[in-house]
Structure formats: C-alpha cells, structure tokens
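Below is one structure, written out as structure tokens, with a few remarks after it.
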Amino acid sequence: MKPAYYVTTPIYYVNDVPHIGHAYTTVAGDVLARYKRLMGHDVYFLTGSDEHGQKVEKAATTAGETPLELADRVVKRFQALWERLGISNTDFIRTTQERHKKGVTHIFKDIMEKGDIYLGEYEDWYCTPCETFWTETQLIEDRCPDCNRPVEKLKEESYFFRMSKYQEQLLAHIEANPDFIQPKSKRNEIISFVKEGLRDLSVSRTTFTWGIPVPGNEKHIIYVWFDALTNYITALGYPEATADYQRFWPVNVHLIGKDILRFHAVYWPTFLMAAGLPLPEKVFAHGWWTVEGQKMSKSLQNVVEPNLLIDKYGVDVVRYFLLREVPFGLDGDFSHSALVQRLNSDLANDLGNLLSRSTAMAVKYFDGVLPAPGKLSDCDQALVGKTAEMVTAVDRFIDEMAFSKALQAIWDVVSAGNKYIDETAPWTLAKDPEQKERLATVMYCLLESQRIVHIILSAFMPATTVKALASLGFQKEYSGKDLAWGGLQAGTTITKAEALFPRMEG
RNA sequence: GGCAGUGUAGCUCAGUUGGCUAGAGCAAGCGACUCAUAUUCGCUAGGUCCGGGGUUCGAAUCCCUGCACUGCCA
C-alpha cells in the first residue's frame, strides 16, 4: 500500500484579496504534494476558505448582500488563482459547507461534554469605535491603544476552553518532538509563550451572528479560530471515521504564515488534546514577503497581485522565484528586478539554454535520433554520479521544507551539464568520424541527465517539465522510479527545444 | 521592560563539536569556446568576519561588555 501524505495550507479569509503571501503558502504546499505524489505517496492536499466572522458579516451588509453571497463571489477569486498557478489540491473546503459545520459542532460539543468548555463571563475593556476588546494590561493610560479614546468595561457571557489545563501536556509534547514546530526560532517563541502560562480561551461570541452556533445555546457563535482550525479534520470527514480520516489524520504538515503560528501551535493542539485526537506531526511557519523593500500594505498600494505576475512572467517563473529566492521560514523581499534576475540567470541562461543547446546538437549530429551510449568515461560517470546524488539530496531537502536548497541542488546538476559540454566539446568530436561513438555517449549522458532534472523539477515547474520532456522524446507517464539513470531509450526522437524561458529586459 | 535571535566580500547569504592561505551564488573585470536563448566555460574578490576586552598554542566560531537591527511576550 502506498504511504499516505497529508499537507494543508491555511484556509484563506474571504474578506482578503489574494496576494503574494497566499500564493506563497499554496505553491509551497503544491510542491510538497506533487513531489510526494511523484515519489509514490497517496497525497491529500487541502486548501480552502474561511468564510465566517464579523468582518465578513459587515462587509456583506455594506455591499448589500448576504454573507454567503459575498463568500460565494470572493471564493472564486481564490479558486481561479489556484487554477492559474497550477495548484493540484485534492480538496477545497469552505467553512460554510455542511460537512464542516457538522464537524465543528461535533467537536465543540464533545469537548464541552468532557468538561473542557464551560460557560463563563468575559470581562474586558471595550473600545466602541474600534469594536475591539482590550485586556487591562494592553491599555495605554486607561485608553484604547489604537485610537486613544476612552474604553468601557464590558461583561459578556462567553464559553471558555480550558486551555490552561493543557499547558504542561503541550509543553511536554513540544519538547519531546523537536520538529513539531518549525523553524526553530519560531519553536523557541512558542515555548516561551507557553511557559509564561496559558489562560483559558474565550471560544464564543455574541456580538454577531455569522458563524456556527454553539450547540445548545444558539445566541453564542463559535469563535472563528475554533471554527477555522477544525477544517483540517472536517475535510477528511470528521467526526465520521471515514477512510480519508483514518488514512490521513494526523496531518504530516500544516503550512502557515508566521502571523498565525500561535493558533496552530498552541490553540489547535490543545483543542485536539481535549478532544482526544492525535496532534499534527509538524507545523511549519514561513516568513513574510516585503515588496521592493517595503512592508506590503493596502495603504501603500504595493500589494502584489499574483495574477499580474503570472501575466507578465508566466506561472513557472513565479513558482520558481517564490521558492528559490528565499529560504522557507525566513522573510524575503519581492522585487521585479530580483525576479527578472532569477529568470534570466537561472532559468533562461542555465536551465533553458542547456536544454536548447543539447537538443540542438542531438538534432544536428544525429538527426534527432538518440544514439545508444558506448562505454562511459570518468567524466561521464561523474555526471551520472552527480545526478544521482542530487536526487538523494532533493529528497532530504524536501522533507526539511528547504525548497530553496532543493532547487540549488538541482541547479548543481544543471551547472554540471553545462560544464560537461565544455569538457567534452561535442563540436570537436563531430568533426572526426572516428569519434562517432564517443559523441553518441556524450549526447546520451547529457540528455539523460536533463531528463532526470526535469522530472524532479515537475514538482516545482510542472508546465516546464511537459515541454522539456516532449523535446527529449520522453512522453510516458513517469514516477519516482524514472529518476534512475537509463530511462531514455536509444532511438528516441529528440527535437530542438524552444526557449523554455525567454530572457527579459530587467 | 523580559526572553530569543541577528550583525561575515558591492548585494543575498554558507560557515559543523574553536585549527591549514575565511567560502558560495549574483553583480563587476579579464580570457577561452562556438553546440546554444549574445548563451556557456575558466580565472580574478586581498573582506577591521559590528566595536572593545578576555580565555586559548590558536577564535568568525567560546566568555564578558558596548553599539545597531529583528522577532516573541509584556
């Protein structure tokens, strides 16, 4: 039986406009999903939308529509973007779907019955204009820290989750599982946060109605994060013990942005503990993108619209840039000049040109019919070896979520290919009929190495792989087994590749 | 204010348990080739490894201190 692999992105809030940050997480998830599928895993790749809450309710009212109408309208923007980005998700969950509401209601009720959700009172300082609650300590000179206006003490009935009860259990789990929260810097932050003490968490609101009601007390709406986080199991069919649920839970990795780490590394695991369910294997918080050196913000109007990037540069260029430019987990800067630099240098000059010069020679020297290799020389063996090492290295880097390093490892082979041509100088061999067999061997090694490169690159740049393999005459369905040397058959038709990535003016 | 972390070539960064002349990619300069998307290949960086002090035969790597920046919490 195939091993199972479950990867998720957060569900995106329908009140947001899709930007580069959403695309980043989702592309990363897609690379994992495609890579694991390639390696023979049975993959469940989940993304979706978070559609409840006060902001959506309000935005809908302003727009003169129902919240669901708004969600229906906006969710299409996300789905259309994922389609364009080549995202291969197996499911798309919306928190307004019945399957989700059913599961949330169930787990809430279950925890309540076990005694870890109780009715209490929420007492805090409320700033009416900002519609925000503040704790005593957050106030600045007894005024709202945001607008500096006076606040009033407000008491509200609320359900609480007994999060404090799980402090030690959570801490023990984090310490026993060094990879549970990544990267390490974020893990440290969570450890110190938990050590400072967990308070019980308010998990219901009465100030709005757009959400899932608390079972048995409908004037309370379940807190949006409790609602949203549960998507990771409701998508699999929870509370039913469906085949998917049994196969895929616990999840291999939740990919998230660093801004929502606490919800995933503290709230969610303790909810699961209370419900008696297994914890995620890994929560990985990636960094933020700045844009041309500045923080992305609506007021600066510098929000990068992924659709425009795709229009301008192409899907695979965008996917490549996002994962290559910055180590996953660190912040990075998006700029057009950096993207064009990557495009010209890595994609056009190195990768694209290598295929183009290689296939051109195969056509020129062998009429496009791949010759069988003869005996391999040391330098051929070196290329074979490098290619094989790369496959091993990529596997390791992918498991570490080190996408950038995985791509660098692949580029080591691309670079080795370019050097190999220089060392073997096929144009010289071609002038001497006696060297025909040597030339055949060189051409074979050169093209075979690239076949493997492009198959492994299918996780990152699926559209490019299709083109590259077509010109290499490798048209069959492929899998991880095809990452082994020797897949290209003599006699295969090689056609000169079009420029995979035309250069652009910077 | 508390805790954690960062500061290495023009830029982005690697530098394991302290040890040969401190590395990579990109950018820049020079040279070579011509199969290729004017692409590729080779050579060239003499950088106070943030400042100061200390430990050591020896520190970018350990300790102390100062400065700058970042994150989490308050």
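Throughout, protein chains are lettered first and strands after them, A, B, ... in sequence-line order, and every chain is numbered starting at 1. Predicted model, so just to flag it, every value in this text is computed and none were measured.
- The pair Asp412(A)-Lys386(A) does not meet the salt-bridge criterion, since no charged nitrogen lies less than 4.0 angstrom from a carboxylate oxygen.
- The CG-P distance, from Leu261(A) to C72(B), rounds to 10 Å in whole Å.
- A donor-acceptor pair under 3.5 Å is formed between the side chain of Arg187(A) and the backbone N or O of Ile174(A).
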Taking protein heavy atoms under 4.0 Å as touching, what does nucleotides 4-14 of chain B look like 5' to 3' if B marks base contact, S marks sugar-phosphate-only contact and - marks none? -----------
Go through the steps for Tyr223(A) and Tyr159(A) under the test ring pair (Phe, Tyr, Trp, His ring centres under 6.0 Å), then give the verdict. CA-CA 9 Å; Tyr223(A) 173 50; Tyr159(A) 284 89; over 10 Å; no
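- Summarising the geometry, the separation between CG on Asp422(A) and C1' on U39(B) is reported as 12 Å, rounded to the nearest angstrom.
- Separating the P atom of A14(B) from that of G7(B) is a span of 7 Å, rounded to the nearest Å.
- With 3.5 Å as the limit, one finds a donor-acceptor pair spanning the side chains of Asp346(A) and Tyr320(A).
- Within residues 347-375 of chain A, the residues having any heavy atom under 4.0 Å from RNA chain B are, by residue number, Ala348(A), Asn349(A), Asp350(A), Gly352(A), Asn353(A), Ser356(A), Arg357(A), Ala360(A), Met361(A), Lys364(A), Tyr365(A).
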Do Tyr35(A) and Asp395(A) pass the side chain to side chain contact (heavy atoms under 4.5 Å, CB included) test, and can you show the C-alpha distance, the side-chain angles, and the key distance before you say yes or no? CA-CA 9 Å; Tyr35(A) 181 79; Asp395(A) 196 65; 2.6 Å; yes
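- Under the 6.0 Å distance and 45° angle rule, Arg451(A) counts as a cation-pi partner of Phe474(A).
- Taking atom C1' on both nucleotides, A27(B) is separated from A45(B) by 12 Å, rounded to a whole Å.
- As a whole-Å value, the separation of Lys186(A) NZ from C3(B) P is 19 Å.
- Nucleotides G19(B) and A59(B) are separated by 11 Å at their P atoms, to the nearest Å.
- Phe366(A) carries Lys436(A) over the face of its six-membered ring, with the cationic atom under 6.0 Å from the centre and within 45° of the normal.
- We find that CG of Leu429(A) is positioned 14 Å from C1' of C33(B), with the value rounded to whole Å.
- Between Phe501(A) and Thr428(A), the one whose closest nucleotide on RNA chain B sits nearer the 5' end is Thr428(A).
- The base-pairing partner of G18(B), taking Watson-Crick or G-U wobble contacts with both distances under 3.5 Å, does not exist among the strands shown.
- On the P atoms, U48(B) is 25 Å away from C43(B), given to the nearest whole Å.
- Of the nucleotides present, A68(B) is the one that pairs with U6(B) by Watson-Crick or G-U wobble criteria, both distances under 3.5 Å.
- The cationic group of Arg205(A) lies under 6.0 Å from the six-membered ring centre of Tyr122(A) and within 45° of the ring axis, placing it in a cation-pi geometry.
- Ile410(A) places its CD1 atom 16 Å from the C1' atom of G25(B), with the value rounded to the nearest Å.
- Nucleotide A59(B) forms no Watson-Crick or G-U wobble pair with any nucleotide shown, as no partner meets the under 3.5 Å limit on both distances.
- A search for side chain to side chain contact (heavy atoms under 4.5 Å, CB included) contacts involving Thr465(A) returns Leu457(A), Ser458(A), Leu469(A), Tyr478(A), not counting sequence neighbours.
- A salt bridge is defined here as a Lys NZ or Arg NE, NH1 or NH2 lying under 4.0 Å from an Asp or Glu carboxylate O, and Glu325(A) with Arg342(A) meets this definition.
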Which atom pairs link the protein and nucleotides 27-30 of chain B when you take only N or O atoms and keep those under 3.5 Å?
none

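- The nucleotide A28(B) finds its pairing partner in U44(B), both defining distances of the Watson-Crick or G-U wobble pair being shorter than 3.5 Å.
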Full working for side chain to side chain contact (heavy atoms under 4.5 Å, CB included) between Val7(A) and Val251(A): CA-CA 6 Å; Val7(A) 51; Val251(A) 69; 5.7 Å; no
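- As the counterpart of C73(B), G1(B) is assigned, both hydrogen-bonding distances of the Watson-Crick or G-U wobble pattern falling under 3.5 Å.
- Within residues 395-402 of chain A, no residue has a heavy atom under 4.0 Å from RNA chain B.
- Of the candidate nucleotides A36(B), U40(B), C73(B), A36(B) has the atom lying nearest to any side-chain atom of Lys496(A).
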Show your reasoning for whether salt bridge (Lys or Arg N to Asp or Glu O under 4.0 Å) applies to Arg438(A) and Asp432(A). CA-CA 10 Å; Arg438(A) 177 66 199 135; Asp432(A) 181 357; over 6 Å; no
Go through the steps to decide whether Phe193(A) and Val266(A) satisfy the test side chain to side chain contact (heavy atoms under 4.5 Å, CB included), and finish with yes or no. CA-CA 9 Å; Phe193(A) 175 78; Val266(A) 178; 4.1 Å; yes
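- In this structure, Arg84(A) pairs ionically with Asp311(A), as a charged nitrogen and a carboxylate oxygen lie closer than 4.0 Å.
- Summarising the base pairing, G23(B) is matched to C13(B) through a Watson-Crick or G-U wobble pair whose two defining distances lie under 3.5 Å.
- In this structure, Glu498(A) places its CD atom 14 Å from P of A36(B), rounding to the nearest Å.
- To the nearest whole angstrom, the two P atoms, one in U16(B) and one in C50(B), are 14 Å apart.
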Before giving the answer on side chain to side chain contact (heavy atoms under 4.5 Å, CB included), spell out for Phe460(A) and Leu323(A) the whole-Å C-alpha distance, their side-chain angles and the decisive distance to 0.1 Å. CA-CA 8 Å; Phe460(A) 296 87; Leu323(A) 295 183; 4.0 Å; yes
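- One C1' atom belongs to G47(B), the other to C64(B), and the distance between them is 27 Å to the nearest Å.
- In this entry U34(B) has no Watson-Crick or G-U wobble partner, no candidate having both defining distances under 3.5 Å.
- Relative to the side chain of Trp427(A), the nucleotides C35(B), U40(B), C73(B) differ in distance, and C35(B) lies closest.
- Residues of residues 432-464 of chain A having a heavy atom closer than 4.0 Å to RNA chain B: none are found.
- Using a cut-off of 4.0 Å between Lys/Arg side-chain N and Asp/Glu carboxylate O, Asp380(A) and Lys375(A) are scored as not salt-bridged.
- Ring-plane geometry between Tyr12(A) and His22(A) is classed as perpendicular, the angle between the planes exceeding 60 degrees on a 0 to 90 degree scale with a lower cut at 30.
- For the pair Asp412(A) CG and C41(B) C1', the interatomic distance rounds to 16 Å; values are reported in whole Å.
- Look at the C1' atom in both U44(B) and G23(B): the space between them is 16 Å, to the nearest Å.
- Separating the P atom of A9(B) from that of G46(B) is a span of 13 Å, rounded to the nearest Å.
- Using modelled atom types, one finds no donor on one side chain facing an acceptor on the other under 3.5 Å when comparing Asp227(A) with Thr95(A).
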